[in-house]
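Structure record follows, encoded as structure tokens.
Treat the numbers as computed from the prediction; the structure is a model and nothing was measured.
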Amino acid sequence: MPAPDSSPKLVQFGVFELDPQRLELRKQGLKVKLQEQPLKILRLLLESPGQIVNREQLRSRIWPADTFVEFDKGLYSAMARLRDALGDSSASPRFIETVARHGYRFIAPVTQLGLAPALPLDTPDKPGIVLAPAGRRFVLSLLAGLLGGALLLALLLTFNLAGTREWLYSQTHPIRSLAVLPLENLSGDPEQEYFADGMTDELITTLAKLGSFRVVSRTSVMRFKKVSKPLAQVAQELSVDAVVEGTVERVGSHVRIRVQLIHADTDRHLWAQTYDRELRDTLLLQSEAARDIAQQIQFRLDSDRRPPAPPPRQVNPQAYEAYLHGLYFSNKRSTENFTRAINYFQQAISIDPSYAAAYSGLSNALLGEMFTGTPHRNVREQATFAAMKSIDLDPNLPESHDTLGGIHEFYEWDWSAAEHEY
């Protein structure tokens, strides 16, 4: 009886193949950059193609044993990244189908492939290849051409002709993920921390709205506030290719922001800029800085998948001040602070009833109050109204969709509607 084949298997589907042992996904032979959790989900789905893998199986196999509430958002986020890497859609799936209230199923044809051993160039039974004279001439010509090309490239790089060094660096060090580290408050007033934190939050949101480029969430980056660690280590912990760091300085109604883009692995400074604006023009400043950063990393806006964002408008300085105070207390995630945040967001709305971000912040703070306290009876209706009002004013604000997703998931148990909003 022949011994069973113990060589590791590749799993092929469409133009993709997964190496389950190395946990690597490749598309037409090229490695696809994807985080560990989405890859583990894919491996688990491919173990039972055509069968439903329920949420409990995913949680027990991939997430820590004490993960419960955060598991839902983690799962939706990982599935979104996996589908994005596969070019798949939950609405019309080619690979992964969502089975409402049950789990997920891999629906594409799957082929198991054995890894073929590499062939030696010369074996006792097969002598090495001997080239004919014409073949030798071809090889010599090829080597001469390669040598000439290498010399030309060396000249281009040495004198940086036509920006060759920058172009080559951008091609060999692509940036597909980014973290905005907490901006440092240079105002000399500890009471202005809310302003620096708010500007960090807003810059993250503005960058994330530009397209499918991965931007790390505020929750993940704020743990590095006032922490002295090498940038390479921070980037490794956040699994990003580059970081944005900078400072905020506010004097009265004048705001100055300095930001720089740094490649994580090499600690190479790719770009830096200073922005001076009046407080009423802060939204314009954030938009300008975000688009400058995106341009520097040669990122194409994903216009096929997202509607173009409206041009930033001027904001009432008092409304913006109240909004940033609301963000500051809302992000502290406690009942008392949610109540303070709600008051500030309502204050911003009373000053500027068309301020979409203030409605979005209000909806998120109300949802937080629902989780942490004993809210009055109609708080859910208020949170839903505020989220819908925000979306009416600006469909591109993600926090409002997050609030609606939380309401659908935890209070209505409507998983499909929750997934759509997330």
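- Partners of Glu17 according to the salt bridge (charged side-chain N to carboxylate O under 4.0 Å, His left out) rule, which considers only residues two or more places apart in sequence or in another chain, are Arg26.
- Residues forming a side chain to side chain donor-acceptor pair (under 3.5 Å) with Arg83 (at least two apart in sequence, or on another chain): Thr98, Glu419.
- The number of heavy atoms from other shown groups lying within 6.0 Å of NE2 (His102) does not exceed 12.
- At a threshold of 4.5 Å between non-hydrogen side-chain atoms, the residues Val53 and Tyr104 do not count as touching.
- Remark: Tyr275 engages no residue in a ring-ring contact (aromatic ring centres under 6.0 Å, His included) (not counting sequence neighbours).
- With sequence neighbours excluded, the residues satisfying ring-ring contact (aromatic ring centres under 6.0 Å, His included) with Phe106 are Phe13.
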Test side-chain contact (heavy atoms from CB on, under 4.5 Å) on Leu178 and Val243; report intermediate values, then the result. CA-CA 5 Å; Leu178 183 72; Val243 297; 5.7 Å; no
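- Closest approach of Gly198 and Leu324 over heavy atoms only: CA-CD2, 3.7 Å.
- Across all their heavy atoms, Ala108 and Phe95 have their closest contact at CB-CD2, 3.6 Å.
- Atoms CD and CG, on Gln346 and Leu362 in that order, are 5.5 Å from each other to the nearest 0.5 Å.
- Applying the side chain to side chain contact (heavy atoms under 4.5 Å, CB included) rule to Asn364 yields the partners Ser330, Arg333, Asp402, Thr403; only residues at least two apart in sequence or on another chain are considered.
- Listed by first and then second residue, the side chain to side chain donor-acceptor pair (under 3.5 Å) pairs that reach into residues 224-239 are Glu193-Lys225, Asp197-Lys225, Lys229-Glu237, Gln233-Glu237, sequence neighbours excluded.
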Please determine whether salt bridge (charged side-chain N to carboxylate O under 4.0 Å, His left out) holds for the pair Asp276 and Arg256, giving the CA-CA distance in whole Å, both sets of side-chain angles, and the decisive distance to 0.1 Å. CA-CA 5 Å; Asp276 289 284; Arg256 171 175 291 173; 2.6 Å; yes
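- Residues forming a side chain to side chain contact (heavy atoms under 4.5 Å, CB included) with Ala417 (at least two apart in sequence, or on another chain): His408, Asp414.
- Residues that satisfy the side chain to side chain contact (heavy atoms under 4.5 Å, CB included) test with His401, not counting sequence neighbours, are Ile391, Glu421.
- Annotation: cation-pi pair Lys389/Phe385 absent, no NZ/CZ under 6.0 Å from the ring centroid and within 45° of its normal.
- Listed by chain and number, the residues in a salt bridge (charged side-chain N to carboxylate O under 4.0 Å, His left out) with Lys27 amount to none (sequence neighbours excluded).
- In this view, His420 satisfies the side chain to side chain contact (heavy atoms under 4.5 Å, CB included) rule with no residue, not counting sequence neighbours.
- Neither side chain, Ser400 nor Ser363, offers a donor N or O lying under 3.5 Å from an acceptor on the other.
- Heavy atoms from other residues, nucleotides or ligands lying under 6.0 Å from CD of Glu278 number more than 12.
- Every salt bridge (charged side-chain N to carboxylate O under 4.0 Å, His left out) that Arg105 has, sequence neighbours left out, goes to Glu97.
- Between the side chains of Asp392 and Ser390, no donor-acceptor pair of N or O atoms lies under 3.5 Å.
- Aromatic ring orientation, Tyr344 versus Phe329: parallel (interplanar angle below 30°, classes split at 30° and 60°).
- Leu25 has its side chain within reach of Leu39: a pair of non-hydrogen atoms, C-beta onward, lies under 4.5 Å apart.
- Listed by chain and residue number, Glu47 satisfy the salt bridge (charged side-chain N to carboxylate O under 4.0 Å, His left out) test with Arg61 (two or more places apart in sequence, or in another chain).
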